[in-house]
S.K.: 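The structure that follows is given in the form of structure tokens.
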Amino acid sequence: MEDIYMIMNGENEQLVADPVPFARSYQLEALEVALKQNTIIFFETGMGKTLIAIMLLRSYAHLLRKPSASIAVFLVPRVVLVHQQSEAVMTNTDLKVGKYYGEMGVDYWDAATWKQEKDKHEVLVMTPQILLDALRHQFLRLDHIKVLIFDECHNAKGKDAYVCIMKEFYHPKLESNAPHLPRIFGMTASPIKGKAASSSEAHWTQISKLENLMNSKVFTCDSDSLNQYIPTSTPYVWMYNHMGIPHETFKCLELDLINLTKKHELSLRRPTVPESVATSAKKNLKKLFSTFLFCVTELGVWSAMKAAEVYSREEENIFIWGSMDVSSKRIVRAFSLDAAKVFSASMLSGSKWSIDDLMANVRDGYLTSKVMCLVKILLQYRENKDLRCIVFVERIVTAIVICNLLNELLPGVTGWRTEYTAGNNSNLQPQSRKEQNDIVDKFRKGTVNIIIATSMLEEGLDVQSCKLVIRFDPSATICSFIQSRGRARMQNSEFIIMVKRRVNFQVQCNSSALSRVKNFLASGDIMRRECMSHADLPCEPLEKDLYDQLLYRVTSTGAIVTLSSSVQLLYVYCSRLPSDGYFKPNPRFTIEQQTCTIHLPNSCPIRTITVQGDKKILKQLACLEACKQLHQHGALSDNLVPDIVEEETEAQDSGNEPYLDEHAKYFPQELVGLCVNGSNVQYQFYLLELQPGFQYDVKFQDILLAVHTKLDDDLENLDLELDADRGKLIVRIKHIGCSELNSEQVALCQRFQNTVFRVLLDHNFDKIHENLNQYSQGNGSYVFNYLFLPALRSQESVTVDWNCITGVHYPKNVSSGKNSCRFSARGHGHYMHTKNGLVCLCMLENSLVCTPHNGMLYCIDGTMQGFDGNTLLELGEGEMVTYKQYFQQTHGIKLQYERQTLLKAKRVFTVHNYLDRSRIPSSKEPRNRTFELPPELCSIIMSPISISTFYSFSFLPSVMHRIESLLMAANLKSMHADHCTQNVVIPTIVVLEAITTKECQENINLESLETLGDSFLKYAASQQLFKTYQNRHEGLLSLKRKKIISNPALCKLGCDCNITGFIRNKQFDPKTWIIPGTNCADRILKEEMLSPSKKIYVEGIRKIKQKTVADVVEALIGAYLSVGGEIAALSFVAWLGITVDLEFVPYTRNFAVKPEMYVNVGKLESLLNYSFRDGTLLIEAVTHGSYMLPEIPGCYQRLEFLGDAVLDYLITLDLYDKYPCLSPRLLTDLRSMSVNNDCYGQSTIKWELYKHILHSSPELFRQILRAVNSFEESPSTFAWESETFFPKVLGDVIESLAGAIFVDSGYNKDIVFKSMRPLLEPVVTLETLKPHPVRELTELCQREHYSLEKHVFSSQNGVMYCTVEVEACGVVHKETRSVTDKNKETAKRLTYKAVLKRLKESMSVKPNGSLA
């Protein structure tokens, strides 16, 4: 094939044919034509049209490969073909293929998402509506498409998406001689989709319309040249005499079905059945009635009975006539079951099926002659055990019952197995694609012999093993005829068309049916002949009125809405407006003569549109004008999609940004220094006063903390509280001045504290010896550089106990066992024999010793006067032995100096986390009881050092951890202060509370502040959005608020402000505490600049969850709010990067009505104790979305959005102020029980506010009435204790009234609280607080080790269902509850409460049945 040159995109581009090696000659000929001009390939099924399309793509591949901006688009009419054709392209090319269909959510993609897809893929396979929408919104552009393939292009008729693509986009560009038009390639088995034409001219007329629309010429070959490649089936017409059921039987059955319908419709009139459910169920009953009558007349009584049985089965999910709730399903299934009984009763009992006696069943009306004819046809092939047959029927119900019949009749005679396949366009639940594919696969393999199929099997799915095709119902179009015939692919296959004889002329067959079959058979050759004879005629331009429609084009993007697409776009826009279970925000049309008025829902920025024009297109003209005005008001974006769609995409994108959970852990610069030898060092000295709240025989010693930099002033005003084993220990910090230490003194101090802490942390003699010299040696690295020194206090001053520091001896070999004394004789001259030799008693009385026989370390606190080796020691059970005997028997040690006085000793203290709030204080500590030690068994480690020093030092890691945390909080506070123009003073301890998570297990954590900050941020963002976007509906405002206050958004802000480094999210572990001044290879400090003037140190990386960062950000907002008020909170919010203010902005809207005409203003103002300056706010606050009057241009949704946040904030603030010392958990529970829909709903009923709600929903009226009656029976319950379901509307009204007062009062929160608080009485208190059922059940199951399954939600017809299951002691407790406005939380609460009640009842009964 020679190369082809074309002028494309203004340049010469060479297209080289790239065929596959197994292509046939006619396919190569078709490819050559397609490369030269727009082409429609007309070959019958199985001729390899897709392969030609693939070869065309291969020829264009060099123009499509990335980084080219060009793409090819492959359009297919059904989703199943998206997968099939994309697989074919991927198999035969190296191009990158993308697949697109509705279930992927492409309807809600924006321009950025489509750009990503276009940049990733070179061939886009999709259904046509997706491309049409993308072109209309200008997400994709026609000039970027090089090749545009239309599979099954015969569908291009009427208002099909194929037609719209060509008329709206291709032909206008063609007429304007625009460059960059795509190559059009169509594929069809029949260029005519309608009924067969009567003449050759009529055939050509229809074909030429397709050619002109597609601007493509049809290419085909004569049938003889094609038949040598693909065999065609032989057609046969099988005529049958129609014999229906007896007339008397039919009339009786019809009457029975009518009575059944009335009976079940009557059950839908109960007040408990919602109107929407009843309406839906009635429609389904009528459809079932029609379906059963069809089965009776066309298929027979037995078939109708089978259909009714199928519909009545609980496990059969065959309805998609609108989603049905449980009660509606029950009614429909009950009707089907009753119908099955009626049909069964009309048949003789005990009748049996027999192949030889089918005629008797036809005479009795059990089967029709048409069904019997099908059985007879099949029996003609009974000898073929490997039969593959497809029977095409029109209805799925026909497929189901015939499948049942054949599976009862044929297996015993032929061994054949029958299945049915059902498509998607049906009133019955279609099979899944997997089920369809499984059936076809079994058919290919021969395990299924007969498929009863609807039209879904006519095109697309390839079934080459079929030898027999039967048309049980006639083809409606020539295309259907050709495609179903083409399913018989094997050699010598047969195509049988069943035709009914005319009743009046039994000899002649039905002339119209037969002539239609003849026309269908002849049409293929006629179409090929006409296409070939007109191949040289060029395509004609479309008539102007076909594509030159009225449209609205957005200048900035080129997006368009046409007259035909405007109706759909308007309905799509309205469907995205806020709604509930009581109204759908659809437009209402009023047409009078040549005027059309559209009434739009209350939440639209425009309420009415009125146009005049041609009555035929009047509704479309009005919709087009509405779309134009909605865009001008910003309700439709520049891509002509609802504003909320783009907002959702942005919110989703911001929420899906990758989050790296690894963050630096900061360490305060005040406690860091360089290791440099040889110079004096200036230190700031702080006195740590340890004041116990308990009695103990070991006294505390004050400690001096020496640091390089002065610490935050707030530390001196704090009492650090530790939970010791015997009670509370208060540590006070006091700055006492500064002083210099020389390098020798620093080395002594570091050696001293290193040894003391090693003793306390390790309790291991060998480790002490190993680590004596591990302190910093001046290598120039950053270390934790501060000192702990024992202090001496007098009335006038505090000094360092240098005697303790410098007087401590460190033997070079304490375990040598030499008896020579290394210590100078001091003290009273009283010496004792030790492992070190002869030692002065003064060296032993305040020392640390080791007993090598058991490796223990002890603090010596004096001698036991009167106790020596011969003193009796009482063992258990009254046994008495001497100390000498004890050590001989227990340790095998014979005391050499039995008359030496025993030493009084305590084991070395253990370092704990004394900040741990879960520590349980004990009155005694067994490990620190007094021991009596013979001096000769002791080896001195340190001396002199008092037991008080060790005891006091054991608390210092916890003290220092708290000081480190406070310094981190101070550093974070100063970061904000550096950027704050206002003088905001906030205590450091409050900031520390905000950055401390509950995982730290300390007596402070962020939960209370987080609750407060969350409510303030929600309030601040809500009022800002409310006043900024005054013409936007609540749904859009909620999305915008979510972008501000969602966890991902707050986390990002926290990361950007480096807050993550300050977060404390791990419990303090003394084992990992670094002794100051020591080198640690895995805790290397690195300097980092947070700002030009702010330095911090990084001591490692740790993981922090996204929600934790967001919680800390909210808690910090709450911290500034709790101390500095709203001004301080706003300054911190601004530092984060959130722009909000609390300034009042007037609420402007067109609301020209007199409030007194619609609501009782005086009564409402009396209840609210507030007089409105603008009474229209009161109307707006009580108007439900269902109440659509032109003069009331709004509903309560916007005010409810604002009032929800205002009330939440005010109640939270009130609880925080009322209970300042309340635990975070109780505060959260109080808030949850005070701020919820049930609490507000009760108030609405109690004060009869529901009587003032303006709505027009009968279902809402019934729900409110039911709630009122239920509340009157048990009016005193609190919030989630109530069993009553409160429609969300009742709670919304409380919030909208709060919002109305807030706006009317000029954002005066005090007035709002004063007005609304009395309505919410009685408020929940600590005495009336009950745990939430969800938490109570969860904790009960955890405590009792019960199995709690995760709750399951389901939603049908506006009803939300929740199911919860608990297995306790082998018994399953399962409950389901429902609410009617899709409120998940209410359904969940009611269900958990029901299960909890059952569980408690079962637990209160003992196994023998008596009460526990």
Side-chain angles (χ1 to χ4, degrees), residues 651 654-655 657 659-666 965 968-980 984 986 988-1000 1004-1022 1024 1040-1066 1090-1091 1096 1102-1140 1205 1208-1209 1212-1213 1216 1224 1227-1228 1231:
S654 63
E657 288 182 4
Y659 168 68
L660 301 176
D661 60 356
E662 292 187 342
H663 298 277
K665 181 184 179 185
Y666 293 158
S965 302
M968 290 308 304
N971 277 272
L972 175 57
K973 183 176 66 170
S974 67
M975 281 176 58
H976 166 255
D978 291 344
H979 295 80
C980 181
V984 177
I986 178 171
T988 303
I989 188 65
V990 181
V991 178
L992 175 59
E993 182 180 344
I995 61 175
T996 302
T997 65
K998 63 182 180 180
E999 285 76 19
C1000 294
I1004 59 170
N1005 69 58
L1006 57 76
E1007 286 189 324
S1008 295
L1009 291 174
E1010 181 222 333
T1011 300
L1012 185 62
D1014 168 64
S1015 64
F1016 173 76
L1017 183 59
K1018 178 181 174 183
Y1019 155 70
S1022 298
Q1024 185 71 36
K1040 287 183 176 294
R1041 181 173 67 188
K1042 181 180 178 182
K1043 286 168 59 178
I1044 297 173
I1045 69 173
S1046 67
N1047 284 344
L1050 294 179
C1051 176
K1052 185 178 186 304
L1053 293 174
C1055 293
D1056 292 344
C1057 293
N1058 294 309
I1059 291 175
T1060 50
F1062 298 93
I1063 294 174
R1064 301 174 62 245
N1065 66 333
K1066 190 175 181 182
L1090 295 178
S1091 68
I1096 203 78
R1102 50 33 189 305
K1103 291 189 175 182
I1104 306 179
K1105 294 179 180 178
Q1106 188 179 58
K1107 184 180 184 305
T1108 301
V1109 182
D1111 289 347
V1112 169
V1113 170
E1114 289 176 334
L1116 285 167
I1117 296 171
Y1120 278 83
L1121 177 68
S1122 66
V1123 176
E1126 293 178 350
I1127 293 177
L1130 285 176
S1131 74
F1132 186 80
V1133 167
W1135 177 67
L1136 287 172
I1138 300 174
T1139 304
V1140 293
D1208 184 1
Y1209 173 51
T1212 302
L1213 199 60
Y1216 191 85
L1227 180 65
T1228 302
R1231 180 203 187 199

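Nothing here was measured: the structure is a model prediction, and the numbers come from that model.
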S.K.: Quick one: salt bridge (Lys or Arg N to Asp or Glu O under 4.0 Å) pairs with a partner in residues 1118-1136, sequence neighbours left out?
M.R.: Glu1126-Lys1309
S.K.: Taking the side chain as C-beta and beyond, is there a heavy-atom pair between Asp1208 and Tyr1019 under 4.5 Å?
M.R.: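 Asp1208 vs Tyr1019: side chains apart.
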S.K.: With a 6.0 Å cut-off (strictly less than), is the heavy-atom count around NZ of Lys1066, excluding the residue itself, greater than 12?
M.R.: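 Incorrect, the count does not exceed 12.
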S.K.: Identify, with sequence neighbours excluded, every residue that meets salt bridge (charged side-chain N to carboxylate O under 4.0 Å, His left out) alongside Lys1105.
M.R.: none
S.K.: Partners of Asp1014 by side chain to side chain contact (heavy atoms under 4.5 Å, CB included), sequence neighbours excluded?
M.R.: Glu1114, Arg1231
S.K.: Would you say the side chain of Tyr666 lies within less than 4.5 Å of the side chain of Leu972, judging by non-hydrogen atoms?
M.R.: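 Heavy-atom side-chain distance check fails, nothing below 4.5 Å.
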S.K.: Measuring from Thr988:OG1 to Glu993:CD, what's the distance to the nearest 0.5 Å?
M.R.: 13.0 Å
S.K.: Compile the donor-acceptor pairs under 3.5 Å between side chains in residues 1051-1062 and protein atoms, sequence neighbours left out, one pair per line.
M.R.:
from	atom 1	to	atom 2	distance (Å)
Lys1052	NZ	Asp1056	OD2	3.2

S.K.: Please report the closest heavy-atom contact between Ser1122 and Ala1119, naming both atoms and the distance.
M.R.: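 Scanning both residues completely, I find the closest heavy atoms to be OG-O, 2.8 Å.
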S.K.: Would you list the atom pairs, donor with acceptor, under 3.5 Å between side chains in residues 1133-1140 and any protein atom, with sequence neighbours excluded?
M.R.:
none

S.K.: So, using side chain to side chain contact (heavy atoms under 4.5 Å, CB included) as the criterion, who are the partners of Lys1107 when residues are at least two apart?
M.R.: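 Testing Lys1107 for side chain to side chain contact (heavy atoms under 4.5 Å, CB included), a comparison that skips the adjacent residues, returns Asn1047, Asp1111.
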S.K.: To the nearest 0.5 Å, how far apart are CD1 in Ile1117 and OG in Ser1131?
M.R.: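 Here the interatomic distance stands at 10.5 Å.
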S.K.: Got a second to check how far Lys973's NZ is from Ile995's CD1, nearest 0.5 Å?
M.R.: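 Those atoms lie 11.5 Å apart.
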S.K.: If every non-hydrogen atom of Ala1049 is compared with every non-hydrogen atom of Lys1043, which pair is closest and at what distance?
M.R.: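 It is CB-O, 3.0 Å.
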S.K.: Quick one: does any side-chain atom of Thr997 pair with a main-chain N or O of Arg1064 as donor and acceptor, under 3.5 Å?
M.R.: yes
S.K.: Nearest heavy-atom pair of Val990 and Leu1009: which atoms, and what distance?
M.R.: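 Shortest heavy-atom separation between Val990 and Leu1009 comes out as O-CD1, 3.7 Å.
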S.K.: Quick one: CZ on Phe1016 to CG on Leu1213, what's the gap to the nearest 0.5 Å?
M.R.: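 It comes to 10.0 Å.
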S.K.: Applying side chain to side chain contact (heavy atoms under 4.5 Å, CB included) between Lys1018 and each of Thr1212, Ile1044, Ile1045, report the one that passes.
M.R.: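 So, applying the side chain to side chain contact (heavy atoms under 4.5 Å, CB included) to Lys1018 and each of Thr1212, Ile1044, Ile1045, only Ile1045 qualifies.
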S.K.: Quick one: closest heavy-atom pair of Ser1015 and Leu1012, and the distance?
M.R.: OG-O, 2.8 Å
S.K.: Do Lys1103 and Asn1065 come close enough that some side-chain heavy atom pair is under 4.5 Å?
M.R.: no
S.K.: Show your working on side-chain contact (heavy atoms from CB on, under 4.5 Å) between Glu1010 and Asn1005 and close with a plain yes or no.
M.R.: CA-CA 9 Å; Glu1010 181 222 333; Asn1005 69 58; over 6 Å; no
S.K.: Could you grab the distance from atom CZ of Arg1102 to atom NE2 of His663, nearest 0.5 Å is fine?
M.R.: 8.5 Å
S.K.: Between Val1112 and Ala994, which heavy-atom pair has the shortest distance, and what is it?
M.R.: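 That would be CG1-O, 3.8 Å.
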S.K.: Indicate yes or no: at least one non-hydrogen side-chain atom of Tyr1216 is less than 4.5 angstrom from one of Leu1121.
M.R.: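 No, their side chains stay 4.5 Å or more apart.
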S.K.: Kindly determine whether Phe1132 and Ile986 satisfy side-chain contact (heavy atoms from CB on, under 4.5 Å), including the steps that lead there.
M.R.: CA-CA 11 Å; Phe1132 186 80; Ile986 178 171; over 6 Å; no
S.K.: To the nearest 0.5 Å, how far apart are CD1 in Ile1104 and CD in Glu662?
M.R.: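 The CD atom of Glu662 is 10.5 Å from CD1 of Ile1104, to the nearest 0.5 Å.
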